[in-house]
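The block underneath contains the structure these notes are about, expressed in structure tokens.
Whatever order the structure lists them in is the order used to number ligands and atoms, beginning at 1. In this text the structure is predicted, and so the values were computed from the model without any measurement.
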Amino acid sequence: MAEVLLIEDDVTIRTALTRGLRERGHAVSSSGTALDGLRLALGERPDLVVLDLGLPDLDGAEMLRMLRAVSRVPVIVATARDGDADMVPALDAGADDYVVKPFSAAQLDARIRAVLRRVGDSRTDTSVSVGALRLDPRTREASMDGTALDLTPREFDLLHYLCSRPGEVVTKRELLTEVWQLPYGGADKTVDVHLSWLRRKLGETAQRPRYLQTVRGVGVKLVEPT
Ligand code: CA
């Protein structure tokens, strides 16, 4: 799932977390000191760094500042002490999230996935527009000619998916996989129903389509109306 660099000086914790994260599909490299960790962070370019704040050679926040000076890699800091006093400098120094010891590999895995999702969204997803349609996935706002569209979360995802591929024929199977997250099942009818609701909200009908063009027997494509 992700390449994780674990910087933790406690061998027992490091071994347990490495095993636990690997069992969850991550590729894990690890280091017991801040300076070695910094070297690995720059050399191996991991997707995410888990940084213990209590390291023998450098203060965690200090290490984070050094890392931030050269890299934007997402960082989750881990600490044994659960007072704000310890966490605030680390968050100020650019940590994306934190975990308080003791924590399990499962908890850490959930944090890792959440951070990567968030970072991925803000880095790769920007607003898309086709014709008078405009969608912003960060705020989940959709509008046409500047007027807000009242879409359900599913309708938003569906429209966003189609708007990201203007002019491209998308099959119902693909929509079930990508929008409904149903790679192995789900009925085409579900897609049809949502498309018809979406049509209504866009002010068009199947008989008089504008943006949403059905390609019989294949799927649907979103186009800029002429
Ligand atoms: Ca430690």
Side-chain angles (χ1 to χ4, degrees), residues 1-127 136-140 153 156-157 160 177-178 181 183:
M1 286 197 54
E3 286 174 32
V4 178
L5 169 60
L6 175 63
I7 306 172
E8 164 66 70
D9 61 315
D10 184 314
V11 179
T12 312
I13 297 176
R14 195 166 73 222
T15 309
L17 287 179
T18 298
R19 190 171 51 230
L21 290 178
R22 281 185 182 150
E23 281 168 2
R24 285 167 179 79
H26 299 293
V28 184
S29 54
S30 69
S31 158
T33 65
L35 287 177
D36 185 47
L38 206 51
R39 185 182 59 75
L40 285 175
L42 300 179
E44 298 191 353
R45 306 218 155 261
D47 298 319
L48 183 139
V49 173
V50 178
L51 172 66
D52 173 30
L53 288 180
L55 291 169
D57 55 335
L58 255 181
D59 173 63
E62 190 64 49
M63 142 94 194
L64 199 46
R65 267 189 292 276
M66 291 168 73
L67 181 61
R68 274 290 168 264
V70 287
S71 165
R72 291 188 57 195
V73 64
V75 176
I76 297 177
V77 289
T79 180
R81 298 147 289 186
D82 57 350
D84 286 343
D86 190 38
M87 205 62 77
V88 170
L91 292 171
D92 281 347
D96 295 273
D97 203 352
Y98 66 92
V99 280
V100 176
K101 292 178 187 175
F103 57 86
S104 66
Q107 285 170 312
L108 182 57
D109 173 49
R111 292 292 179 94
I112 288 172
R113 283 184 286 121
V115 166
L116 289 177
R117 206 157 44 228
R118 211 165 62 215
V119 170
D121 283 352
S122 65
R123 274 187 197 169
T124 58
D125 275 353
T126 48
S127 62
D136 186 341
R138 284 162 305 178
T139 58
R140 297 191 65 84
F156 183 92
D157 291 341
H160 180 254
T177 303
E178 300 297 330
Q181 314 290 326

CD on Gln181 to CG on Asp157, rounded to 0.5 Å: 8.5 Å
Expected output: side-chain Arg22 to main-chain Gly25 donor-acceptor under 3.5 Å: no
Listed protein N/O/S atoms, distance to the Ca ion (ligand 1) under 3.0 Å: Asp9 OD1, Asp52 OD2, Gly54 O
Short side-chain to backbone donor-acceptor contact, His26 and Met1, under 3.5 Å: no
Value rounded to 0.5 Å, distance of CD in Gln107 from CG in Leu17: 10.5 Å
Test item: Asp96 side-chain N/O and Val75 main-chain N/O as donor-acceptor pair under 3.5 Å: yes
Donor-acceptor pair, side chain of Arg14 and main chain of Leu6, under 3.5 angstrom: no
